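Right, one structure below, let's go through it.
This is a predicted model, so every value here is computed, not measured. Numbers for residues simply follow the sequence, beginning at 1.
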Amino acid sequence: MRTPIALLQSASAASASQVWRVVVTLGTHILLRRLIAPEEMGVWNWAEPLFILLAQVRDLGLTGHLVRLRKRPYGTFLRLELWWGAAFSFLVLVAAPVLALLFLEHDRQTVQIVRALCLFLFIQGLAAVPLTYFEAEQKLIKTIPAELVRNLAFAALSLLLVVGGLGIWGLVVAHIVAGAIYAAVLWRWAWPDLRHVLDHEAVRPLVTAALPLALMSLLELSVLYLEPLILGVGLPDEAALARASLAIQALYFFSRMIADAVGRAVYPALVRYRSDIGRSFDVFRLATLALAGLFVPASFCFFLNAEVAVKVLGGSAWAGAATYLRVAAFVPFVRPLTMFGRELLLTVHRDRLLITYTLANLLSLGGLGYVLVRSDMREIGMAVASYFPLGTLILGWGLFDLDRRGFVKLMGQLLELYVFGALCFAPVLLTPADPSWMRVAASCLAGAIFVGVAGLRHRTEFLAFVRSDEPAGDG
């Protein structure tokens, strides 16, 4: 099978499963927010990204490192997830009272929730082995059954438990059970092939080689999920944190959620093409353009219809999220390179540059965000701070240095999309805001025109890449 077509199929499968996951989870949370008050939901919005970061420490960078290897010792990875995963989960359980201090409004329930999620942390590690196998072999289509079952289980169980009176604990229990189902189904689909490649190698050199990736992944995800973490440690208002988190989740639907899925297919392709920088940069550029074609109209729609979006996503109790959503609506415009730039630079071992880029972002976003959140701006301060990811300048320089012609071409194409988006949505400002459905309808029409025209504009280039027969270097 030609590699570009394999990439397209793998990326499509990853995107389909991610869209399914996000849509089902989004629909479930729309209902849950009408059953759980913002005052109770805030601790969940803080704990969820915390455990995403802890998972990076558990995996020790092996999920990314194995993809870069020609011979992949999945057996060693499994052994580490069993023993180190169990030990690390136990350490987190013991340290739960200390971790809870990172949540300004912490109480006994905060500690209990952290301890309960330690079980999910271990289970998720077991699922990482078959998931990494499917990613490395570009067989992500085989993960779709697990995604379907997990999200249906989470949706049904969480709603059932919350309606039954468990409140936020309904989310915690459903998260753990759905994670266990996901791991079981993944192993069921992977075992016939995976059992033949459970090779073992020495643990120490494997982990030593993967640790830089672990550090970079931890730092990168710290930036991606910085907003709720800073709000948790600096904002003495759990309800305001929950409302801001609603806006953040809506805003980053395309630039983060879909990018995560596509990245699972793009990264192995970048590894395969790493000996041909021009070809590798094309993968990065086209993937970035594809996602920009979605987040550009989404940003304009959120800016013009923030109140309606919040009312749909949360209901009247969450109305305060509209201001945050409108202020932060165009943050994805200043971060397009971050969607796949890290993956591209990883394949050419620009590790130091990536660490510098991420540390700069942590300092600029985290420092400014914390100062503004503690000021009279409160949660809106984090929305303002999100526009100043200074590390992105370092990332941009690294990409420019890698392929100057490709970088200039990408920036020109992004600027073209931004200007065209502004032209498409400018007439919507003339649409009366009351009744709100008129502006929503006009925004949808503008978005459809944008996606249609942008798709036709770049259709030839995308098809030329997918149909290409150029051999891939393995470098």
Side-chain angles (χ1 to χ4, degrees), residues 45-59 61 63-64 102-103 211-235 241 244-245 247-264 266-267 284 287-288 291-292 295 299 324 327-346 350-373 379 381-399:
N45 296 134
W46 164 81
E48 191 175 20
L50 174 65
F51 273 81
I52 290 174
L53 298 183
L54 291 173
Q56 301 308 303
V57 181
R58 179 205 63 213
D59 291 340
T63 52
L102 298 175
F103 187 61
L211 283 179
L213 279 184
L215 175 60
M216 285 185 286
S217 295
L218 180 63
L219 292 173
E220 179 70 12
L221 286 172
S222 296
V223 173
L224 287 177
Y225 294 98
L226 192 62
E227 289 98 330
L229 294 174
I230 293 295
L231 291 169
V233 76
L235 188 65
L241 188 157
S245 295
I248 292 166
Q249 291 166 8
L251 182 62
Y252 293 135
F253 176 84
F254 291 114
S255 61
R256 181 178 298 168
M257 303 300 287
I258 305 298
D260 286 349
V262 176
R264 287 159 55 187
V266 167
Y267 182 55
F284 159 72
T288 300
L291 268 295
F295 76 68
S299 292
Y324 193 107
V327 171
F330 297 106
V331 169
F333 278 48
V334 302
R335 303 186 186 183
L337 302 179
T338 64
M339 291 187 293
F340 306 110
R342 172 181 169 275
E343 284 82 357
L344 176 57
L345 292 175
L346 274 178
R350 301 290 177 92
D351 296 357
R352 291 182 181 179
L353 185 143
L354 285 171
I355 291 174
T356 304
Y357 139 72
T358 312
L359 286 174
N361 270 350
L362 277 177
L363 291 173
S364 60
L365 295 174
L368 180 61
Y370 183 78
V371 170
L372 295 181
V373 167
E379 68 272 16
M382 193 68 241
V384 173
S386 299
Y387 283 96
F388 299 95
L390 297 184
T392 301
L393 298 176
I394 299 172
L395 179 70
W397 167 252
L399 293 169

How long is the straight-line distance from CZ of F330 back to CG of L251, given to the nearest 0.5 Å?
10.0 Å
When rounded to the nearest 0.5 angstrom, what is the spacing between CG in L345 and CZ in F284?
8.0 Å
Do E48 and Y225 pair up side chain to side chain, a donor and an acceptor below 3.5 Å, judged on atom types alone?
no
Is the closest side-chain heavy-atom distance between L346 and D351 below 4.5 Å?
yes
Which atom names give the shortest non-hydrogen contact between A360 and G391, and what distance separates them?
CB-CA, 3.6 Å
Tightest non-hydrogen contact, residues L218 and L53, listed as CD1-O, 3.5 Å
R342: what forms a salt bridge (charged side-chain N to carboxylate O under 4.0 Å, His left out) with it, not counting sequence neighbours?
none
Would you indicate whether the side-chain heavy atoms of L219 and Y357 approach each other to under 4.5 Å?
no
Which heavy atom of I248 sits nearest a heavy atom of P228, and at what distance?
CD1-CD, 4.3 Å
So which heavy atom on G396 is nearest to which on L337, and how close?
CA-CD1, 3.9 Å
Between CD1 of I52 and OG of S217, what distance do you get to the nearest 0.5 Å?
13.0 Å
Drop me the distance from R335's CZ to L395's CG, to the nearest 0.5 angstrom.
12.0 Å
Is a donor from one side chain sitting under 3.5 angstrom from an acceptor on the other, for Y324 and E227?
no
Given side chains that start at C-beta, do those of V233 and F103 come closer than 4.5 Å, heavy atoms only?
no
Could you tell me the separation between the CE atom of M339 and the OG1 atom of T288, rounded to the nearest 0.5 Å?
5.0 Å
For A383 and V331, work out which heavy atoms get closest and say how close.
O-CG2, 4.3 Å
To the nearest 0.5 Å, atom CG of L221 lies from atom CG of L229 at 10.5 Å
